[in-house]
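Remember, it's 1-based here, ligands and their atoms both numbered in the order they're listed.
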Amino acid sequence: MPEKIGIIGLGLIGGSLAKAFNKAGIKVCGYDKSIDSISSAVECGIFEVLTDDMDEFLDFNPDLIYIAVPVNAGIEVLQELGHKNVRTLITDACSTKATICYEAGKLGLNFCGGHPIAGKEVSGFANSEAELLKGALHILTDGDEASVEILKKLHEKIGMKVKVMKAEYHDEIFGVVSHFPHLISFALMELILKKDKNLLEYTGGGFKDFTRIAASDPVMWSDIFTDNSEHISNVIDEYIDILNDWKQQINKKEKPVLMKKIRHVSSARQCLYEKI
Ligand code: NAD
């Protein structure tokens with residue numbers, strides 16, 4: 001079990017991880033390239049070291065390095081750690097896994113991919129909270145047996161449930177259940193803004209539920225969409241087929257067919273969170 005964890009990226013996820021590890025009695029240090037993020041993190045007083053200098057961060061000798069920055073920045077960070085010949089176990093929180101795991105392998109780093117299935121549409125350390133991760137799923141990908149075991153125990157210690165899978169499979173699954181829902185939420189907001197932004201005045205609870213995640217961070221989401229483009233693109237095609245079928249039934253005024261379709265998805269949605 002790591003005793004000192006070094007977190008790179010002190011935003012929503014890095015901050016939440018730091019707070020949860022600190023609460024579990026593990027020492028934490030933080031590195032961020034943004035002085036604003038560091039200033040925000042200083043106030044909570046949980047970090048042994050907080051710096052924008054990578055050498056100072058590594059001098060803390062963490063026994064685990066946890067990367068919690070957007071996907072493309074994560075790859076740059078890995079390259080820097082590779083150039084510095086870092087041998088410490090490294091994991092990450094990025095929402096896509098195949099590219100980062102592949103890059104880490106190419107650099108010969110001691111790496112096991114990770115993805116906490118917890119989050120919010122707001123960013124930054126100020127919005128972080130230890131409780132964000134409690135009870136949530138944590139995915140581990142492509143690590144060796146020993147690293148997976150260490151990381152499994154660590155995340156269970158902060159109240160998470162761990163599942164292990166291949167990075168490529170992770171990206172296929174999360175392309176459907178996470179990346180695509182964000183895309184259609186962005187696209188719905190785009191549709192309304194394109195038609196007439198004054199229409200927003202008339203939106204109610206359904207619209208609010210559906211578009212909550214459209215308030216998410218542009219850097220993070222453009223990284224995710226471009227990194228997982230192939231899987232997301234396949235889901236877009238399938239969704240267009242489904243929408244076309246709905247369109248056809250609506251145009252034909254096929255009420256029994258529409259009722260059957262709605263009954264099918266509505267009952268699945270109603271018992272969704274009972275099952276989990
Ligand atoms: P965030 O914007 O809240 O924080 C990112 C932090 O990383 C910022 O403080 C930023 O200054 C820092 N940073 C960016 N580039 C850096 C670099 N090169 N070196 C050092 N620091 C750098 O983002 P977040 O929501 O915490 O997301 C972090 C990662 O976690 C992303 O990869 C995201 O895909 C993943 N993730 C996010 C959520 C979510 O709901 N927000 C959920 C699960 C996973």
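By the 3.5 Å distance cut-off applied to N or O atoms, V77 is not counted among the residues near ligand 1. Taking distance alone, with nitrogen or oxygen atoms compared against 3.5 Å, S95 approaches ligand 1 more closely than that limit. The N/O atoms of S37, backbone and side chain alike, include one that comes under 3.5 Å of an N/O atom in ligand 1. Note: an N/O pair closer than 3.5 Å links V69 and ligand 1 by distance alone. Note: no N/O pair closer than 3.5 Å links Y31 and ligand 1 by distance alone. Polar contact with ligand 1: absent for M220 (N/O pair, distance under 3.5 Å). Considering backbone and side-chain N/O atoms, D217 never comes within less than 3.5 Å of an N/O atom of ligand 1.
Every salt bridge (charged side-chain N to carboxylate O under 4.0 Å, His left out) that K23 has, sequence neighbours left out, goes to E131.
No donor-acceptor contact under 3.5 angstrom links the side chains of E103 and T99, judged on distance only.
Within the listing of ligand 1, atoms 11 (O) sit less than 4.0 angstrom from a heavy atom of S34. In summary, the atoms of ligand 1 found under 4.0 Å from a heavy atom of V71, numbered by their order in the structure, are 32 (O). Short contacts between ligand 1 and G9, defined as distances under 4.0 Å to a heavy atom of the residue, involve ligand atoms 7 (O). Within the listing of ligand 1, atoms 32 (O) sit less than 4.0 angstrom from a heavy atom of C94.
Closest protein heavy atom to atom 43 (C) of ligand 1: P116 O, 3.2 Å. Nearest protein neighbour of atom 28 (C) of ligand 1, counting heavy atoms only, is A68 O, 3.5 Å. Looking at atom 26 (O) of ligand 1, its nearest protein heavy atom turns out to be I13 N, 2.8 Å. Scanning the protein for heavy atoms near atom 21 (N) of ligand 1, the closest one is K33 N, 3.4 Å.
By the neighbour-count criterion of 12 heavy atoms within 6.0 Å, atom NZ of K4 is densely surrounded, having more than that number from other residues, nucleotides or ligands.
In terms of hydrophobic clustering, with Ile, Leu, Val, Met, Phe, Trp and Tyr side chains grouped at heavy-atom distances under 4.5 Å, V28 and Y31 are assigned to different clusters.
Nearest heavy-atom pair, V148 versus G143, reported as atom, atom and distance to 0.1 Å: CG2-O, 3.8 Å.
Ionic pairing of E129 and K120 is present here: one or more N-O contacts between side-chain nitrogen and carboxylate oxygen are shorter than 4.0 angstrom.
Cation-pi geometry between K97 and Y169 is not met at under 6.0 angstrom from the ring centre and within 45 degrees of the axis.
Atom 4 (O) of ligand 1 is flagged as protein-proximal [any protein heavy atom, distance under 4.0 Å].
The closest approach between A118 and ligand 1 falls below 4.0 Å for a heavy atom of the residue.
Considering F174, F225, W221 as possible partners of H182, the one that fulfils the ring-ring contact (aromatic ring centres under 6.0 Å, His included) test is W221.
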